[in-house]
Protein chains: 2
Amino acid sequence: MIRTEALRVFVNVADCGNIRDAAERLFRTPSAISMTLKQLEEQLGARLFETDRKSTLTALGAEMHTIATELLRDHDRALDRIEAAATGRQGRLQLASVPSVAAELLPGLLADFLTERPGVTIELVDTDSSSVHALVAGGTVELGIAGPPDSGSGLTFTPLFRDPFRLVCRADHALADRTEPVTWDDLGGQRIISNEAASTIGAAEYRALVKSPALSARNVISLLALVRAGAGLTLLPRLATVSLGPDLRALPIADPTAQREVGVILRQSRTPTPVCGAFLDRIVRGTRDIR
Amino acid sequence: MIRTEALRVFVNVADCGNIRDAAERLFRTPSAISMTLKQLEEQLGARLFETDRKSTLTALGAEMHTIATELLRDHDRALDRIEAAATGRQGRLQLASVPSVAAELLPGLLADFLTERPGVTIELVDTDSSSVHALVAGGTVELGIAGPPDSGSGLTFTPLFRDPFRLVCRADHALADRTEPVTWDDLGGQRIISNEAASTIGAAEYRALVKSPALSARNVISLLALVRAGAGLTLLPRLATVSLGPDLRALPIADPTAQREVGVILRQSRTPTPVCGAFLDRIVRGTRDIR
DNA sequence: AGGTATACTTCAGGCAAACTGAAATTTAAT
DNA sequence: ATTAAATTTCAGTTTGCCTGAAGTATACCT
């Protein structure tokens with residue numbers, strides 16, 4: 001069997017015009033090169049060089065040189081692609097995230113990641129937590145960033161950080177200038193606009209506040225528009241409130257259980273691609289301080 | 001370094017869906033396959049199969065499978081081309097020959113040769129002996145079939161057979177019905193049309209006959225046309241006379257030195273291509289009986 | 001032409017890598 | 001739970017490449 005490395009030896013000797021220089025290039029001794037060349041010629045049953053001074057190729061040698069050079073080029077290129085795919089230097093990363101993380105955390109992380117890995121392509125979908133779960137479960141997206149999924153969904157959840165809810169109200173609202181954290185009692189009689197993120201709040205007091213089907217919104221933009229319009233108040237994770245306008249306030253809440261958990265969603269028994277794995281490391285490192 | 005054979009192992013296992021079958025295909029034991037696979041995953045730093053039952057690939061494994069399959073296809077194809085070139089199964093053979101050999105001997109040999117080696121291309125030039133030498137010396141053609149070249153021309157000559165000259169005359173010529181071989185004396189007073197082949201005849205008597213610049217022709221067709229027209233007689237190698245029409249005769253010549261030597265012309269210190277080498281064998285075998 | 005330097009090949013020994021067969025472990029199935 | 005099958009691990013052997021030294025051929029120089 002003709003070894004690829006024997007062809008590489010041949011091409012190098014042909015290019016150098018002598019064994020000594022080729023040996024140096026290949027970090028071998030001349031004797032090793034000589035033996036490899038001899039073996040190659042035996043396997044082919046024909047000579048590749050005119051004399052044993054390797055300065056001139058036979059006709060077959062010249063033909064071989066063309067074919068082997070091409071072979072090695074393709075070979076090295078393919079091996080590089082494999083290497084790139086395996087180390088995550090190259091590949092496609094499809095991910096879905098809840099909007100707050102997508103807007104506040106991911107941009108910086110993704111920008112750095114792409115700069116380090118020019119061969120990587122990223123596709124980001126931002127949507128609510130349950131859609132993130134669905135996209136990961138369905139394989140549309142490899143990685144999700146959202147709250148914990150239902151058990152038995154075939155998904156794994158790796159917690160990243162916890163994020164306390166805040167009360168969002170207009171700057172001219174009665175509660176806006178409170179210095180103390182807001183209690184559930186403070187919200188008695190207020191109209192609360194429910195939303196998907198806040199629905200994970202387990203506190204019975206909150207449940208009572210949003211029990212009746214008053215008003216709810218799915219999208220953060222419309223949610224805030226409703227608050228701005230004076231339609232009511234809402235609760236949002238802290239991260240979703242960092243870029244509110246001057247006309248709105250985000251007030252801490254006294255109940256420490258009013259928080260959401262954000263983590264990474266993956267499909268069970270699906271080894272992540274190397275790109276995904278690398279980005280995962282990056283996310284964990286990038287959110288360690290928030291935890 | 002990732003070996004090509006390791007990739008072949010991987011692709012086979014992926015295709016078979018298990019190690020045992022792949023081991024059988026590759027004439028290895030399952031343990032060898034297992035170790036190669038393990039080593040490959042270590043070199044990549046990532047898993048290629050989801051479980052250690054090799055039935056499902058990871059995302060990286062699937063990507064690798066695509067790349068590696070393509071790599072192996074190209075690799076095997078290139079190696080086959082090399083093999084074909086080295087064994088003369090494929091390639092181009094450019095050869096030049098004197099017309100008599102080209103017309104009488106080569107057609108059969110070439111036809112057989114091409115049937116055995118479908119990948120081979122042949123280009124045949126037929127011209128006079130000295131042009132054959134020039135074409136070989138100039139590299140236009142790799143192999144020549146002709147008389148011996150001048151020494152010092154950088155050509156090698158391998159004798160194939162000797163071919164006695166015959167006297168060509170019209171069927172109604174006075175000499176046409178002779179039963180005895182023709183002597184130089186018989187030709188006294190006859191007009192001899194000289195030609196390149198006959199100019200190698202060394203006999204002083206013949207030299208005397210064609211000394212004065214009477215008539216000469218280069219091409220066999222025109223030479224015979226002249227004889228037919230009654231312009232004179234000529235001497236041609238026996239091989240060139242086997243297909244004369246009924247109106248011409250080819251008479252043996254008494255002088256045993258009136259013969260030409262035909263052989264193979266190659267460039268000195270140029271290793272013949274494998275196709276050429278193979279055809280050379282064929283010529284030698286095909287002309288052994290004539291010698 | 002002869003001597004010398006250079007280039008290549010050959011040889012023997014060392015060493016690393018790969019393969020085999022047996023035993024252990026893991027996984028799937030009844 | 002037990003059994004059967006598949007895979008991995010382990011130890012030992014073999015294979016084959018590489019090195020360094022010695023030998024041979026070639027080219028260059030005087």
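Every chain is numbered from 1 and lettered A, B, ... according to where its sequence line falls, protein lines coming before strand lines.
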Looking only at side-chain N and O atoms, does A:E196 offer a donor or acceptor that is under 3.5 Å from a partner on A:S129? no
Does any donor atom in the side chain of B:E123 or B:Q94 lie under 3.5 Å from an acceptor atom in the other side chain? yes
Any ring-ring contact (aromatic ring centres under 6.0 Å, His included) involving residues 60-100 of chain A? Give me the pairs, sequence neighbours left out, ordered by first then second residue. none
ring-ring contact (aromatic ring centres under 6.0 Å, His included) partners of residues 21-59 of chain A, not counting sequence neighbours, each pair once: A:F10-A:F49
Only counting residues at least two apart or in another chain, list the ones meeting salt bridge (Lys or Arg N to Asp or Glu O under 4.0 Å) with B:E24. none
Suppose we screen for salt bridge (Lys or Arg N to Asp or Glu O under 4.0 Å). Which residues come up paired with A:E70, at least two apart in sequence or across chains? B:R81
First and last nucleotide of DNA chain D in contact with chain A, 5' to 3', at under 4.0 Å to a heavy atom: what are they? D:dC17 to D:dT26
Just checking B:F49: base, sugar-phosphate only, or nothing, at a heavy-atom cut-off of under 4.0 Å? nothing
With sequence neighbours excluded, what pairs up with A:E5 under the side chain to side chain donor-acceptor pair (under 3.5 Å) test? A:R8
Atom pairs, protein N/O to nucleotides 23-30 of chain C N/O, distance under 3.5 Å:
residue: C:dT27; atom: O2; partner: B:R53; partner atom: NH2; Å: 3.3

What are the residues of residues 4-20 of chain B, sorted by number, that bring a heavy atom to within less than 4.0 Å of DNA chain C? none
Check DNA chain C against residues 28-39 of chain B and give the residues with a non-hydrogen atom under 4.0 Å, in numerical order. B:R28, B:T29, B:S31, B:A32, B:M35, B:T36, B:Q39
Does a nitrogen or oxygen in the side chain of B:R3 sit under 4.0 Å from OP1 or OP2 of C:dA17? no
Could you pull out all donor-acceptor pairs under 3.5 Å where a side-chain atom in residues 153-161 of chain A meets a protein atom, sequence neighbours excluded?
residue: A:S153; atom: OG; partner: A:D150; partner atom: O; Å: 2.7
residue: A:T156; atom: OG1; partner: A:L266; partner atom: O; Å: 3.4

Give the angle between the helix axes at the two ends of the helix from C:dA1-D:dT30 to C:dT30-D:dA1, taking five base pairs at each end and rounding to 10°. 30°
May I have the distance from B:E42 (atom CD) to C:dA18 (atom P), rounded to whole angstrom? 11 Å
Rounded to whole angstroms, how far apart are CG on A:D21 and P on C:dT6? 14 Å
Any pair with a residue in residues 110-120 of chain B that passes side chain to side chain donor-acceptor pair (under 3.5 Å), sequence neighbours left out, goes on the list, sorted by first then second residue, please. B:E116-B:R282
